[in-house]
S.K.: 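Once you've had a glance at the structure underneath, I'll fire off some questions.
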Amino acid sequence: MVKVKDLRAKSDAELNSMVQDLNKEALSLRFSQATGQLANTARRRQVRREIAQIKTILTERQTKKGE
């Protein structure tokens, strides 16, 4: 799991690409679980949380720019 401190050091473009990659991973994890091939079910939760953390940081940056 990525630390928030490390995420804040990245640029917006890097964070957006991370979100895209994590969304792809989440999709593949959902399919794996549906077919019964997923061994580590906790990874789905980790991916969801990482996406939420990144989106929160991006939203904070956008609101700071607007002020």
S.K.: Which value, rounded to the nearest 0.5 Å, describes the distance between Lys10 atom NZ and Asn16 atom CG?
M.R.: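 Here the rounded value is 12.5 Å.
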S.K.: Any chance the side chains of Gln46 and Arg43 put a donor and an acceptor closer than 3.5 Å?
M.R.: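 Yes, because at least one side-chain N or O of Gln46 sits under 3.5 Å from a partner of the opposite role on Arg43.
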S.K.: Tell me, with the steps shown, if Gln62 and Asp12 meet side chain to side chain contact (heavy atoms under 4.5 Å, CB included).
M.R.: CA-CA 10 Å; Gln62 287 177 352; Asp12 289 350; over 6 Å; no
S.K.: For the pair Glu14 (side chain) and Ser11 (backbone), establish whether a donor and an acceptor sit closer than 3.5 Å, ignoring hydrogens and angles.
M.R.: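 Judged by distance alone, yes, a pair lies under 3.5 Å.
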S.K.: Checking Asn23 side chain against Val19 main chain: does a donor-acceptor pair fall under 3.5 Å?
M.R.: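 At least one qualifying donor-acceptor pair exists.
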S.K.: Should Leu27 and Leu38 be regarded as members of a common hydrophobic cluster, given that ILVMFWY residues are connected when their side-chain heavy atoms come within less than 4.5 Å of each other, either directly or indirectly?
M.R.: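 Each belongs to a different hydrophobic cluster.
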S.K.: Using the rule side chain to side chain contact (heavy atoms under 4.5 Å, CB included), only one of Thr59, Thr63, Ile57 pairs with Arg61; which is it?
M.R.: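 For Arg61, the side chain to side chain contact (heavy atoms under 4.5 Å, CB included) test succeeds with only one of Thr59, Thr63, Ile57, which is Ile57.
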S.K.: Dump the intermediate steps for side chain to side chain contact (heavy atoms under 4.5 Å, CB included) on Met18 and Leu7, then the final yes or no.
M.R.: CA-CA 10 Å; Met18 285 182 69; Leu7 291 175; 3.8 Å; yes
S.K.: How long is the span from the CG atom in Leu15 to the OG1 atom in Thr56, to the nearest 0.5 Å?
M.R.: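 Leu15 atom CG to Thr56 atom OG1 measures 11.0 Å (nearest 0.5 Å).
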S.K.: Measure the spacing between OG of Ser32 and CG of Asn40 and express it to the nearest 0.5 Å.
M.R.: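 Rounded to the nearest 0.5 Å, the OG-CG separation comes to 11.0 Å.
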S.K.: Compare every heavy atom of Ile54 with every heavy atom of Leu22, then report the nearest pair and how far apart it is.
M.R.: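 Heavy atoms of Leu22 and Ile54 come nearest at CD1-CD1, 3.8 Å.
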S.K.: Would you give the length of the straight line joining atom CD of Gln33 to atom CZ of Arg44, rounded to the nearest 0.5 angstrom?
M.R.: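 With rounding to 0.5 Å, CD (Gln33) is 4.5 Å from CZ (Arg44).
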S.K.: As a test of understanding, state which of Lys55, Lys65, Arg8 forms a side-chain hydrogen bond (donor to acceptor under 3.5 Å, both in side chains) with Glu60.
M.R.: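 Exactly one pass, corresponding to Arg8.
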S.K.: Could you go through Gln53 and Val2, starting from their C-alpha distance and side-chain angles, then the distance that decides it, and tell me whether this counts as side chain to side chain contact (heavy atoms under 4.5 Å, CB included)?
M.R.: CA-CA 9 Å; Gln53 287 175 339; Val2 182; 5.7 Å; no
